[in-house]
Amino acid sequence: MSEPDSNAPATPYPKVDSQADFPAIEKRVLERWKRDRTFEASVENRPAGERGQNEFVFYDGPPFANGMPHFGHLLTSYAKDVVPRYQTMRGRRVERRFGWDCHGLPAEMHAEKQLGVSGRQAILEYGIDRFNAFCRESVLTYTQEWRDYVARAGRWVSFDNEYRTMDLSYMESVLWAFKQLYDKGLVYEGHRVLPYSWAAETPVSNFETRMDNSYRERDDPALTVLFPLEVRDGDPGPLNLLVWTTTPWTLPSNLAAAVGPQIEYAILEVERDGAKQLVVIGAAARAKYAKELGEAREVGTLTGAELVGRAYTPPFDYFVGREKCHVILGAEFVDTEEGTGVVHLAPGFGEDDQRVCEEHGIELVCPVDEKGRFTAEVADYVGQNVLAANKPIAQDLKARGLVLRHEQYRHNYPHCWRTDEPLIYRAMSSWYVRVTDFRERMVQLNQEIHWIPEHIRDGQFGRWLEGARDWSISRNRFFGTPIPIWRSDDPTYPRVDVYGSIAELEADFGVKITDLHRPMIDELTRPNPDDPSGKSTMRRVEDVLDVWFDSGSMPFAQVHYPFENKEWFEDHFPADFICEYVAQTRGWFYTLVVLATALFDRPPFKNVICHGIVVAEDGRKLSKRLKNYPDLEASYDKYGSDALRWHLMSSPVLRGGDLAISQTGDEFADVVRLALLPIWSAYSFFTMYANADGVRAVERANQEGTLDRYALIKLRDLIESVESCMDAYDIAGACDRVRSFMDALNNWYIRRSRPRFWASNPSQEKQDAYDTLYTCLINLCRVAAPLLPFLTDEIHRGLCRGESVHLEDWPSASQLPDDFEFMHDMDRVRVACSAALSLREAHRRRIRLPLPMLTIAGPGCERLRPFIDLVRDEVNVKELVLDEDASQLARPLLKVKSRVVGPKVGKDMKAVLAAAEAGSWVLQDDGRVQVGEHRLEPGVDFVLALTAVDGLKGIAIEQLPEYNAVVALDVRTTPELEREGLARDAVRLLQQLRKDLDLEINTRVDVRYMAQGEQARALEEFGDYVAEQVLAESLEASGSDGPAGGDWRSVDWPGEGKACLAIRARG
RNA sequence: GGGCCUGUAGCUCAGUUGGUUAGAGCGUCCGCCUGAUAAGCGGGAGGUCACUGGUUCAAGUCCAGUCAGGCCCA
């Protein structure tokens, strides 16, 4: 379409079709980028500077490649492309390197499904080596699809030296990081309560328990048990705490009880088995125990806070005497919704329990073995499955009179999705990073990060940092970076070795290491050097690292720091910019900050866009199954990538909101119509006339013409404002500036300049018009290049002899005129024209009908003198009067400056405003205004505005509030004016005929007409004008039977009588 | 249950340190122009700024609470 056609006679510019096929254009542009290595050139053209001073550092958050990309990824991709493109044009070198996330549960789950191997036990039987080998392949399944889609989106990123988190070098850097933390004392072994399948003998991740089938209804025994409190002076008698639990089997492991400090507790006197007893229960929970406590007398109340610190006798004595145990603790999570308002804590078997106990220095106990049976520590039930032990435990407690109520409780309970047995919660050994140690520092460093949207910094992310807990980094899994800790297998001769490099491993184990994955790494064992007997062996801790540890290591691990690229890393940390969706505040953003703080005491990135999520029309998640979003490929093919990019980049989704996308993708059609086509139309207009005239335009900015200056100043305004938006990472704001510039260019500059383009003789004015439009277009392309990389490149190449816009510098605004006063004057003229046209419409005066006079009146109107001809033409009036004095057309209106006057007059403000509106004020000789008791200073306290008067015959008036002016249109016509209007009607009809005949724009014609009365007189009177307008060599009245047939093409001319116009091309 | 965000025209959203008559785009209705573009241009209609209360001379804006929606955590 715009490729030069070698057979056609040379024209200065490509022949451009006014109908654009954007997807086809994009395909050609992609080929050119590939052929010319435009991306590589755009990077290489920019010097890195000394120690990377001139680099803009971008970190790519790696995706998993075992799923297909969708609209959400597309959004991220576009944002990740726009910013680097912009910075490149600003002169920075922006290396962009793709990465793949490979490890972790998603990869393993996918492999389990593909292999039909389900669960830890099954994987062990299948073989870790075969399992991991499969993972290694499967995580790269869709890499080609990803590359294709990234390319089609026009995202420039290098796949040549992509990094993968499963590469040996990457993993070695991760080991290094781990050892750094360990050496700083930031790693420790602790316990973590996880869902546990005793049937499959494996922990189940929270991820797995959330899957659809794992929760099912189940009846469990629920006990309300008495915990006798230690007697204390002032008590009305011996008190018993009422405790409710749905897991009686955890009672032998009870180590504490928790109350809500704010909650009110009642002391009740209850009669049981003939004896009186005092029980303590959350006051709000009492009603639930109507049957047991209905008659009870309240003998006092206590707050939770008063209970905290009191000791009690636990229901079983297996762990009596342990430090800090069997005391009442305060915990915020306790409520009275369920149970008694007192929670029994068995830290070995509950997440909250474990956390609260740990906070109070209580060491946990876990007297349950891998198969879910009590160990010897719980002598009475040893060997029994814990769930089966619920019954005897309840019976024993009842026999001891400690049970107030025994009920069946039906609840949703997680089950092992492989064995179908109920899960239990059980403490597992886990390795932690002591995040709480440097939490405050993270909070400080976070202040240095520029978040988009801003509230994330101190809101979602800041709060999360403040509440950060130690990070459990070990996973009892297979495909991940191994935890590099080796321990002696005999506690008699303890020894721990931590490795932070391959070299250290090779030195100690004497083998060449080519892969750090399990199971190879597990095979590295050696005799314990601290064991004189020589019998114990150093073995690796089995776990692998949480995959987020990999992600957080990305800044240094991608370059194998510190083993290689030491200097490079130091010069490229932190990143200038990263971008992911907002949920990564808990994921990548967080782990980056954790590791950067712990390892380098710096924030890992300076600017971050966290965008919202793309949802379906109904607000639900995009779902492949429901097919509730448009197909990506089809959208590319129908609208092109630029349309998708523009839609996503101009939307508030970049400020963190959701973006709903319709199933049909209609919004992309709107984007084409509202954003892309206006730019294309301007381009096609320019090339059409420049080619017809054989004119080549030049970029310059010293044009004197009113419209030209206006366009050039607007262009300067565009460059400056887009620049400041982009510097603030406000991409949507930049889109908005581009759109409104195009509106001014198309619908004012080009429309008003049209006569200059079609003037048949060369002139300076004409060349100025070409140069101005050309200058606007190429600079618009440069400014919009990051936002519409395909369209702008196509146009820029067409205008600039094949130069890619992406190798250009960001345009310098300073070479353009900066007379913004002038620009505002023109904007004021446009408003005045709109108002005048609105008056025309209100008085039913069509635009082709000339009217005698338009007046623009108000202070400062003289400034509009340069625009007189422009306005006359636009509004089609014979005369334009500018009048500084509007008193004939308007009366003054007092506009009080509330912000200034308000504080001065206080309560009288209301009265002052009312008086201003009612006109009850007096203008004094010194220019001040008296309102009631108050005297107002001109300019400071008020301005005088105008409000149109009515009642002038034949004159229509409208005010321009923001410009303190009125326009008055004389809508009275005369027969002469009517005839001129008719002549213009005739021109319009004849032009349509030319168009219908497909005449070239410079073909000469003959015209004949048949008309009576005023229509005939109009053509006689304005014959020359009509002939000139339609390029007629002759203009003749035909006989009363109308123009003859043959070559003549005619059209009816509605009017007083029967009339028609006819046209015939000449020669 | 906790935290964060969002409620402004039929739809999608702007709205600065509180200041007189709350804006834009789309849609809709009406009209207009046309020697680039009907995928063009202009105009009109359309709002108790979610609700309630408070602070203030003055609240879309600040404060408290309520309701609704979203996200995250438990």
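By convention in this document, chain letters (A, B, ...) are assigned in the order of the sequence lines, proteins followed by strands, and residues within each chain are numbered from 1.
Contacts of Asp985(A) classified as salt bridge (charged side-chain N to carboxylate O under 4.0 Å, His left out), with partners at least two apart in sequence or in another chain: Arg846(A), Arg848(A). Partners of Pro678(A) according to the side-chain contact (heavy atoms from CB on, under 4.5 Å) rule, which considers only residues two or more places apart in sequence or in another chain, are Asn746(A). Residues forming a salt bridge (charged side-chain N to carboxylate O under 4.0 Å, His left out) with Asp352(A) (at least two apart in sequence, or on another chain): Arg355(A). By the salt bridge (charged side-chain N to carboxylate O under 4.0 Å, His left out) test, Arg994(A) pairs with no residue at all, sequence neighbours left out. For Thr340(A), the side-chain contact (heavy atoms from CB on, under 4.5 Å) partners two or more places apart in sequence, or in a different chain, are Thr224(A), Leu242(A), Trp244(A), Ile281(A), Tyr289(A), Val342(A). Annotation: side-chain contact (heavy atoms from CB on, under 4.5 Å) contacts of Gln992(A) (sequence neighbours excluded): Arg988(A), Lys995(A), Asp996(A). Remark: Asp670(A) pairs with Arg673(A) by the salt bridge (charged side-chain N to carboxylate O under 4.0 Å, His left out) rule, at least two apart or across chains.
Residue Ile847(A) is in sugar-phosphate contact alone, with no base atom involved, counting any heavy-atom pair closer than 4.0 Å across all strands shown. Residue contacts shown for Asn746(A) include a base, since a base heavy atom lies under 4.0 Å away. Arg844(A) comes within 4.0 angstrom of sugar-phosphate atoms only, judged by non-hydrogen atoms across all strands, and of no base. Across all strands shown, Val582(A) has no heavy atoms under 4.0 Å from either base or sugar-phosphate atoms. Base contact: Gln1029(A) has a heavy atom under 4.0 Å from a base atom. Within the 4.0 angstrom heavy-atom criterion, no nucleotide atom of any strand lies near Leu999(A).
Separating the CZ atom of Arg848(A) from the C1' atom of C41(B) is a distance of 14 Å, rounded to the nearest angstrom. Regarding Tyr683(A), its OH atom lies at a distance of 18 Å from the P atom of U37(B), rounded to whole Å. Computed from coordinates, the Leu674(A) CG to G27(B) P distance equals 7 Å when rounded to whole Å. Regarding Arg994(A), its CZ atom lies at a distance of 15 Å from the P atom of U34(B), rounded to whole Å. Nucleotide U37(B) holds its C1' atom 12 Å from the CZ atom of Phe22(A), rounded to whole Å. One can place CG of Leu990(A) at 12 Å from P of U34(B), the figure rounded to the nearest angstrom. In this entry the distance linking CZ of Phe685(A) with C1' of U34(B) reads 12 Å, nearest Å. The OH-C1' distance, from Tyr425(A) to A74(B), rounds to 12 Å in whole Å.
With C1' as the reference atom, A24(B) and G47(B) are 15 Å apart, rounded to whole Å. Nucleotides G46(B) and C32(B) have their C1' atoms positioned 22 Å apart, rounded to a whole Å. Comparing the P positions of G54(B) and G1(B) gives an interatomic distance of 28 Å, to the nearest angstrom. Using atom C1' as the reference point in both G15(B) and C62(B), the two lie 16 Å apart (nearest Å). Straight-line distance between the C1' atoms of U21(B) and G3(B): roughly 40 Å, to the nearest whole Å. To the nearest whole angstrom, the two P atoms, one in G7(B) and one in A14(B), are 7 Å apart. Nucleotides G23(B) and C49(B) have their C1' atoms positioned 12 Å apart, rounded to a whole Å. Spacing of P atoms, G25(B) relative to U66(B), comes out at 39 Å, to the nearest Å.
Considering OH of Tyr639(A) and NE2 of His647(A), their distance stands at 11.0 Å, rounded to 0.5 Å.
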Provide a list of protein-nucleic acid N or O atom pairs under 3.5 angstrom, restricted to nucleotides 57-62 of chain B.
from, atom 1, to, atom 2, distance (Å)
C57(B), O4', Gly906(A), O, 3.2
C57(B), O4', Lys907(A), N, 3.4
C57(B), N1, Gly906(A), O, 3.3

Taking N or O atoms only and anything under 3.5 Å, show me the protein contacts with nucleotides 1-10 of chain B, one pair per line.
from, atom 1, to, atom 2, distance (Å)
C4(B), OP1, Arg463(A), NH2, 3.3

Report, one pair per line, the protein and nucleotides 14-18 of chain B atoms (nitrogen or oxygen only) whose separation is under 3.5 Å.
from, atom 1, to, atom 2, distance (Å)
U17(B), N3, Arg899(A), NH1, 3.2
U17(B), O4, Arg899(A), NH1, 2.3

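A sub-4.0 Å separation between OP1 or OP2 of U37(B) and a side-chain N or O of Ser684(A) is absent.
Listed by first and then second residue, the salt bridge (charged side-chain N to carboxylate O under 4.0 Å, His left out) pairs that reach into residues 454-463 of chain A come to none, sequence neighbours excluded.
Of the candidate nucleotides A24(B), G43(B), A39(B), A39(B) has the atom lying nearest to any side-chain atom of Gln19(A). When the nucleotides G43(B), U34(B), A39(B) are ranked by their closest atom to the side chain of Val672(A), A39(B) comes out on top. Comparing atom distances between the Arg673(A) side chain and each of C26(B), C32(B), C41(B) picks out C26(B) as nearest.
Annotation: side chain of Arg1064(A) is not in contact with side chain of Val1007(A) (no heavy-atom distance under 4.5 Å). Using a 4.5 Å heavy-atom cutoff, the side chains of Phe349(A) and Val193(A) are not in contact. You'll find the side chain of Ile609(A) reaches within 4.5 Å of the side chain of Ile731(A), heavy atoms only. Between Gln460(A) and Arg586(A), the closest side-chain pair of non-hydrogen atoms falls below 4.5 Å. Within the 4.5 Å cutoff, the side chain of Phe668(A) has heavy atoms near those of the Ile661(A) side chain. A heavy-atom distance below 4.5 Å is found between the side chains of Val435(A) and Met442(A).
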* Could you walk me through whether Phe461(A) and Trp464(A) pass ring pair (Phe, Tyr, Trp, His ring centres under 6.0 Å), step by step? => CA-CA 5 Å; Phe461(A) 193 71; Trp464(A) 174 249; 8.6 Å; no

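Along RNA chain B, the nucleotide closest to Ile750(A) and the one closest to Trp464(A) are compared, and the more 5′ of them pairs with Ile750(A). Between Val987(A) and Asn747(A), it is Val987(A) whose nearest contact on RNA chain B lies nearer the 5' terminus.
Stems are defined here as 3 or more consecutive Watson-Crick or G-U wobble pairs with pairing distances under 3.5 Å; those involving RNA chain B are B:1-7 with B:67-73, B:10-13 with B:23-26, B:28-32 with B:40-44, B:50-54 with B:62-66.
With hydrogens and angles ignored, no donor-acceptor pair closer than 3.5 Å exists between the side chain of Glu841(A) and the base of G31(B).
A ring pair (Phe, Tyr, Trp, His ring centres under 6.0 Å) with Phe757(A) is found for one member of Tyr774(A), Phe686(A), Phe685(A) and no other, namely Phe685(A).
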